[in-house]
Visitor: 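Mind having a look at this structure? Questions to follow.
Since the structure is predicted, the reported quantities are computational estimates derived from the model, not experimental observations.
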Number of protein chains: 2
Amino acid sequence: MRADARRNRELMVAAAAEVVAEQGAEASLEEIARRAGVGSATLHRHFGGRVALLEAVFESSIAGVCARAEELRDHPEPLQALTIWLHGMVGHIATVHGLGPALVMSAEHGSQCHVRIRSAGRLLLERAQADGSVPADVDISDLLTLINGVALASGQDADRAGHLLDLVIRGIAPAQA
Amino acid sequence: MRADARRNRELMVAAAAEVVAEQGAEASLEEIARRAGVGSATLHRHFGGRVALLEAVFESSIAGVCARAEELRDHPEPLQALTIWLHGMVGHIATVHGLGPALVMSAEHGSQCHVRIRSAGRLLLERAQADGSVPADVDISDLLTLINGVALASGQDADRAGHLLDLVIRGIAPAQA
DNA sequence: AGAATAAGTGGGGTGGCACCCCGGTTAACT
DNA sequence: AGTTAACCGGGGTGCCACCCCACTTATTCT
């Protein structure tokens, strides 16, 4: 990959992050190209479609989430560690609001960044399961899909998302199995 | 309202339901108008924008859901009644797939149909709470937003949506309060 | 260093979309 | 039957995603 191409790619991802944060995931790709200072053709050549671009944006913002999972590995309370991490995830998704819908789709295509999040989260989930706090039949994919849904349905309201997540963790009808 | 206007309105809602079921909520409004056999201007005059049209579609498909809530009023097991109804809701949302995102927005605008669903569901929820099956701090709005999120995140996969709903009802970490 | 080459670029074109204007049409009422 | 006001849809505008192709530029080889 040529140096200028890489530089342009980074400009575009940065511009996309900026515009998406302002206008949501439906923002005009031309506007993004304009703000990155490149032609729209360049953007379309680098990223086949909108989804690929959004994935790149998301990917560039994931490092922190994965690092946080790493830190929480050694938390004395596995369930609490998982809970904290899930809250962080929901908050993160709400922060990059609007990316959500596109990412549900990309999850089905097994995108790279989802694999990374999944393995980061699996660690915490399995610790909580070994501990007996979480039933063994809970799957990391289900969990991630669920928090995605929570973040999605809450729009940009991070507090509401956090509250709904608490509900999900505790359960609507916790007394029953 | 003139007879022809009403007739056209019904044609458009029917066409919209059809096209949305096929292509999702992002379907072309012109395609909908085309299939309804009216000009696109007519569609735009009747429904200011896409959301209003989708609301009309959703509204026309709600009667069944509300009726079901009415039936379940007298179910001997309040929690089971609520659970059955929620599953029905998720299935219904999955059926009219793609309407979801638009309806999250319209919920914020307090649309008519949401009010109706809310009051239908509140009945079942309150019965389950009086029974002690569901904690008192669970809110009907939270519940509906949550199942909306579940349906949203599951895409068109109704089985997956049902599974995730079970998880939500039971809770990720049911042992803890 | 300079030439050859392959990768990268963006102006401009195409087709489709949401949304609107306005002259013709038609239902409803007298 | 005649009047009126509501309704209709062809066609226009401006924006968008996406693509083609002649031009530019980094890289490589001698």
Visitor: So does B/Asp139 pair up with B/Arg118, basic N to acidic O under 4.0 Å?
Guide: no
Visitor: Measure the spacing between CG of B/Leu29 and CE of B/Met12 and express it to the nearest 0.5 Å.
Guide: 11.0 Å
Visitor: Is there any protein nitrogen or oxygen under 3.5 Å from a nitrogen or oxygen in nucleotides 25-27 of chain D, and what are the pairs?
Guide:
unit_1, atom_1, unit_2, atom_2, d
D/dT25, O2, A/Arg2, NH1, 3.1

Visitor: Name all residues meeting the side-chain hydrogen bond (donor to acceptor under 3.5 Å, both in side chains) criterion together with A/Arg2; count only those two or more places apart in sequence or in a different chain, and write none if there are none.
Guide: A/Asp4
Visitor: According to salt bridge (Lys or Arg N to Asp or Glu O under 4.0 Å), who are the partners of A/Arg127, at least two apart in sequence or on a separate chain?
Guide: none
Visitor: Nearest whole Å is fine: how far is C/dT26 C1' from B/Arg6 CZ?
Guide: 18 Å
Visitor: Please list, chain by chain and in numerical order, all residues satisfying side-chain contact (heavy atoms from CB on, under 4.5 Å) with B/Glu126, sequence neighbours excluded.
Guide: B/Arg122, B/Gln129
Visitor: Scan B/Arg7 against the nucleic acid and name what it touches under 4.0 Å (heavy atoms): base, sugar-phosphate only, or nothing.
Guide: nothing
Visitor: Could you go over nucleotides 19-21 of chain C and give all protein N or O partners under 3.5 Å, atom names and distances?
Guide:
unit_1, atom_1, unit_2, atom_2, d
C/dC19, N4, B/Glu30, OE2, 3.4

Visitor: Rounded to the nearest Å, what distance is computed from the CG atom of residue B/Asn8 to the C1' atom of nucleotide D/dC7?
Guide: 9 Å
Visitor: Under the side-chain contact (heavy atoms from CB on, under 4.5 Å) rule, collect the residues that match up with A/Ala17, sequence neighbours excluded.
Guide: A/Val57
Visitor: Please check if the number of heavy atoms outside A/Arg35 that lie under 6.0 Å from its CZ is greater than 12.
Guide: yes
Visitor: Ignoring backbone atoms, establish whether A/Ser28 has a side-chain N or O less than 4.0 Å from OP1 or OP2 of D/dC15.
Guide: no
Visitor: Should A/Arg68 and A/Glu71 count as an ion pair when the cut-off is N to O under 4.0 Å?
Guide: yes
Visitor: Nearest whole angstrom, please: distance from the P of D/dC16 to the CD1 of A/Ile32.
Guide: 11 Å
Visitor: Separation of A/His46 atom NE2 from C/dA7 atom P, in whole Å?
Guide: 13 Å
Visitor: Rounding to an integer number of Å, can you tell me how far B/Glu26 CD sits from D/dA17 C1'?
Guide: 14 Å
